[in-house]
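Numbering of ligands and ligand atoms starts at 1, following listing order. Only this structure's heavy atoms are used, side chains among them; waters, hydrogens and symmetry mates stay out.
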Amino acid sequence: MKKKPPTSVVTGAAGFLGSHLSDLLLAHGHKVIGIDNFVTGTVDNISHLGGNPNFKFIQQDVSEFIFLNEPVDYVWHFASPASPIDYLELPIQTLKVGSLGTHKALGLAKNKQARFLLASTSEIYGDPLVHPQTEDYWGNVNPIGPRGCYDEAKRFAEAMTMAYHREHRVETRIVRIFNTYGPRMRLNDGRVVPSFISQALKNKPVTVFGEGRQTRSFCYMSDLIEGIYRLMMSRYDQPMNIGNSSELTMLEFAREIIRATGSRSKIVFKPLPQDDPKQRQPDITRARKILHWMPKVPLNRGLTDTIAYFRTKI
Ligand code: UDP
């Protein structure tokens, strides 16, 4: 007899990562139920799935009770504003989706005896004093600063996930996602990749914050989604960093974007936002060992695809 396809619920399915994850799950033969309230997600990201009999969409805030009739095998909790500008504008919704939304998504997983994966973040390390960041580092977070609503919501979400794991024996996974880029990022989400690319494509000044000495490490979305899929399918229930470990300063990154777009833009310096982490690079030893995963797409190739996408949007 043919095995029934697994059913996955993806919260935040209309977002940048949620929509790419939904595509990968469908390609692996899953039935996907996507949930999103379009606060930061957009219908454009999932419009290609319209009419796909294996994809069902529910417009809902996941901070409210999630009611589903059918059996569910996997719950992937991706819903949250995720760019600093978004969560500065939506601090309460960010706190609610990280806390109440995680609680509802865990409740759904418990009820359906499904496996649960939390999309956590490198932000739980705050402005890190350990470099590169290993999963056993507890972080350096300002709870009451402008980023606190996101960082603390995700820290709470990790605590809640482990509580459901320990008390209710829910099978859980926690991925700590580092900076990721690719097509379907929102042009105006304020993050450095869409900001620099759109400024460069318009030959407008590229806005480097501070002196541009702060570092980030950018992972292409297909590498990230593959790592996350492997984590869910693994037996590993402790937090796992997924990201690319090639680190560069924001000034170097601005120059790279200007080069890659062939732009005439000049670099201008703007004030550094409060609590902006000075350095960030994932230690991915754990993912390499346990998932046999490592990123494959080099920055120049990932940027070529991302720039091509943004050209169609400008
Ligand atoms: N940044 C910048 N110019 C911009 C937007 C961001 O220099 O127009 C810097 C920002 O200060 C940070 C880094 O780029 O150091 C990454 O910012 P992003 O908002 O993408 O996300 P974060 O990694 O801080 O969560």
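Here His30 and Tyr74 bring their ring centres to under 6.0 angstrom of each other.
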Between the protein and ligand 1, are there any N or O atom pairs that come within less than 3.5 Å of each other, and if so, what are their names and distances?
unit_1: ligand 1; atom_1: 3 (N); unit_2: Thr207; atom_2: O; d: 2.6
unit_1: ligand 1; atom_1: 7 (O); unit_2: Phe209; atom_2: N; d: 2.8
unit_1: ligand 1; atom_1: 8 (O); unit_2: Thr207; atom_2: O; d: 3.2
unit_1: ligand 1; atom_1: 8 (O); unit_2: Thr207; atom_2: OG1; d: 2.9
unit_1: ligand 1; atom_1: 11 (O); unit_2: Gln214; atom_2: NE2; d: 3.3
unit_1: ligand 1; atom_1: 11 (O); unit_2: Asp276; atom_2: OD2; d: 2.6
unit_1: ligand 1; atom_1: 15 (O); unit_2: Gln214; atom_2: NE2; d: 3.1
unit_1: ligand 1; atom_1: 15 (O); unit_2: Arg216; atom_2: NH2; d: 3.3
unit_1: ligand 1; atom_1: 15 (O); unit_2: Asp276; atom_2: OD1; d: 2.7
unit_1: ligand 1; atom_1: 15 (O); unit_2: Asp276; atom_2: OD2; d: 3.4
unit_1: ligand 1; atom_1: 20 (O); unit_2: Val192; atom_2: N; d: 2.8
unit_1: ligand 1; atom_1: 23 (O); unit_2: Asn179; atom_2: ND2; d: 2.8
unit_1: ligand 1; atom_1: 23 (O); unit_2: Arg216; atom_2: NE; d: 2.6
unit_1: ligand 1; atom_1: 23 (O); unit_2: Arg280; atom_2: NH1; d: 2.8
unit_1: ligand 1; atom_1: 24 (O); unit_2: Arg147; atom_2: NH2; d: 2.8
unit_1: ligand 1; atom_1: 24 (O); unit_2: Arg216; atom_2: NH2; d: 3.0
unit_1: ligand 1; atom_1: 25 (O); unit_2: Arg147; atom_2: NH2; d: 3.0

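Classification of the Phe253-Phe218 ring pair by plane angle, with boundaries at 30° and 60°, yields parallel.
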(request) Could you go through the salt bridge (charged side-chain N to carboxylate O under 4.0 Å, His left out) check for Arg176 and Glu158 one step at a time? (result) CA-CA 10 Å; Arg176 292 187 181 148; Glu158 288 200 7; 2.7 Å; yes
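Just one of Arg166, Arg115, Lys110 meets the salt bridge (charged side-chain N to carboxylate O under 4.0 Å, His left out) condition when paired with Glu171; it is Arg115. Here the options are Lys112, Lys56, Lys4, the test is salt bridge (charged side-chain N to carboxylate O under 4.0 Å, His left out), and the partner is Glu70; only Lys56 passes.
A donor-acceptor contact under 3.5 angstrom links the side chains of Glu247 and His131, judged on distance only.
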